[in-house]
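Remarks on the structure that follows.
Side-chain atoms are counted along with the backbone in the values below, which use heavy atoms only and exclude waters and symmetry mates. Both counts, for ligands and for their atoms, begin at 1 and track the order of listing.
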Amino acid sequence: MVVGMASGKIILMGEHAVVYGQPAIAMPFSAVGIRATVTQEGQALSVSCAFYQGLVHEMPKIWESLKHAIRFSLYRIGAPTDPAIHIDIDSTIPAERGMGSSAAVAVAIARALFAFYQKELTDQELWDIVQSSEKIAHGNPSGVDAATTSGKQPVFFIKDKTIQPLEINVDAYLVVGDSGKTGHTLEAVKDVALLCQRNQEAKRWIEELGKLTRSAKELLSSGQTNILGQIMNQDHSLLQKLTVSDDILDQMVIVAREHGALGAKLTGGGRGGCMIALAENQRQAQDIAQALEDAGARQTWIQYLGE
Ligand code: PMV
């Protein structure tokens with residue numbers, strides 16, 4: 001029996017703009033994660049997870065990206081295409097909520113299968129496997145999910161460039177609120193692309209998002225949480241203009257701000273999924289989390305941002 005693990009991720013700044021070459025700041029979110037366990041079992045390649053149990057070759061089309069992560073890993077390993085093994089997937093990452101569950105499942109599967117066959121998994125190999133399965137799930141992934149669900153530290157990420165580890169010297173807390181509604185990253189990314197084709201102003205919003213992310217990088221390093229909060233608010237307004245927020249996320253952002261958040265915004269693909277709020281201290285973070293739950297959040301988490 002061999003295990004592969006991956007964590008969820010949170011995008012602090014830069015979602016959507018990152019698809020257009022602007023930077024994003026994202027971090028592994030270890031409060032949620034995925035464990036893939038491989039065992040020598042049965043007559044053919046099979047899988048079990050919350051939504052499917054059975055043979056991999058009979059998996060419904062909607063789980064194509066998961067199937068691809070398994071098949072592509074086996075191909076890169078040089079293993080038989082239909083080995084007599086079973087992969088059990090156990091996840092605490094809510095699916096389709098902007099927490100990187102599709103990338104994380106590919107990371108966990110690749111790690112477990114390579115370990116099972118005692119093959120070294122290079123960073124490049126892991127990247128190829130995760131990105132190719134993310135293409136099936138999201139169409140045009142920037143790679144920020146692949147970078148963070150497989151990593152251990154926050155990153156300053158620019159598509160097709162190097163992934164820089166990010167220094168965070170902030171004595172503050174992040175509250176993550178799950179709206180309970182599934183997000184629609186694929187459609188949101190497509191709609192932003194259409195908007196940019198039709199509306200010159202949308203391109204400027206993308207650039208402004210990039211500038212905000214660069215400012216956030218400096219503020220995270222210098223620990224200026226008040227201004228960081230304001231930057232997060234501005235970021236949310238621009239994401240609203242790009243049409244990737246929705247009424248529930250907007251309401252949650254308002255609730256967080258009314259309960260003392262220094263700033264709040266959606267996180268991830270949007271149109272459902274999760275939002276984040278910046279809190280000055282633990283007590284305030286707990287108040288915000290409670291207020292979000294009272295307002296209907298499915299689940300909340302609190303993460304300390306300092307080292
Ligand atoms: O898949 P999600 O919802 O965690 O968000 C992905 C972030 C986007 O910027 C919207 C898309 C991308 O590929 O970077």
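- Against a heavy-atom cut-off of under 4.0 Å, Gly268 is close to the following atoms of ligand 1: 3 (O), 5 (O).
- Contact atoms of ligand 1 toward Val144: 14 (O) (distance under 4.0 Å to a heavy atom of the residue).
- Ligand 1 places these atoms under 4.0 Å from at least one heavy atom of Pro141: 13 (O).
- In terms of protein heavy-atom proximity, atom 12 (C) of ligand 1 is closest to Ser142 OG, 3.4 Å.
- Here's the thing with Gly269: one of its N/O atoms is less than 3.5 angstrom from an N/O atom of ligand 1.
- Partner of Glu15 under the salt bridge (Lys or Arg N to Asp or Glu O under 4.0 Å) criterion, out of Lys265, Arg271, Lys9: Lys265 alone.
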**Message:** Pair Glu120, Phe114 - check side chain to side chain contact (heavy atoms under 4.5 Å, CB included), show working.
**Reply:** CA-CA 7 Å; Glu120 188 201 348; Phe114 273 73; over 6 Å; no

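- Among protein heavy atoms, atom 1 (O) of ligand 1 sits closest to His138 NE2, 3.1 Å.
- Ligand 1 is approached by Lys9 to a heavy-atom distance shorter than 4.0 Å.
- Contact check for Lys203 versus Gln197: no side-chain heavy atoms found under the 4.5 Å cut-off.
- Distances below 4.0 Å separate heavy atoms of Val18 from the following atoms of ligand 1: 9 (O), 14 (O).
- For the residue pair Gln240/Ser245, the side-chain donor-acceptor check at 3.5 Å is not satisfied.
- The closest side-chain donor-acceptor pair between His86 and Ser46 falls under 3.5 angstrom.
- Residue Val18 comes nearest to Phe157 through the heavy atom pair CG2-CD2, 3.6 Å, listed as atom of the first residue, atom of the second, then distance.
- Under 3.5 Å, the side chains of Gln290 and Asp294 contain a donor-acceptor pair of N or O atoms.
- Contact atoms of ligand 1 toward Glu15: 9 (O) (distance under 4.0 Å to a heavy atom of the residue).
- Considering only non-hydrogen protein atoms, atom 7 (C) of ligand 1 sits nearest to Ile11 CD1, 3.6 Å.
- For the residue pair Asp128 and Gln124, a side-chain donor N or O sits within less than 3.5 Å of a side-chain acceptor on the partner.
- With a 4.0 Å heavy-atom cut-off, ligand 1 is reached by no atom of Val244.
- Residues meeting the side-chain contact (heavy atoms from CB on, under 4.5 Å) test with Ala104, sequence neighbours left out: Ala6, Ile34, Ile93, Thr149.
- Listed by atom number, the atoms of ligand 1 under 4.0 Å from Val19 heavy atoms are 11 (C), 12 (C), 14 (O).
- For ligand 1, the polar-atom distance check against His16 finds a nitrogen or oxygen pair separated by under 3.5 Å.
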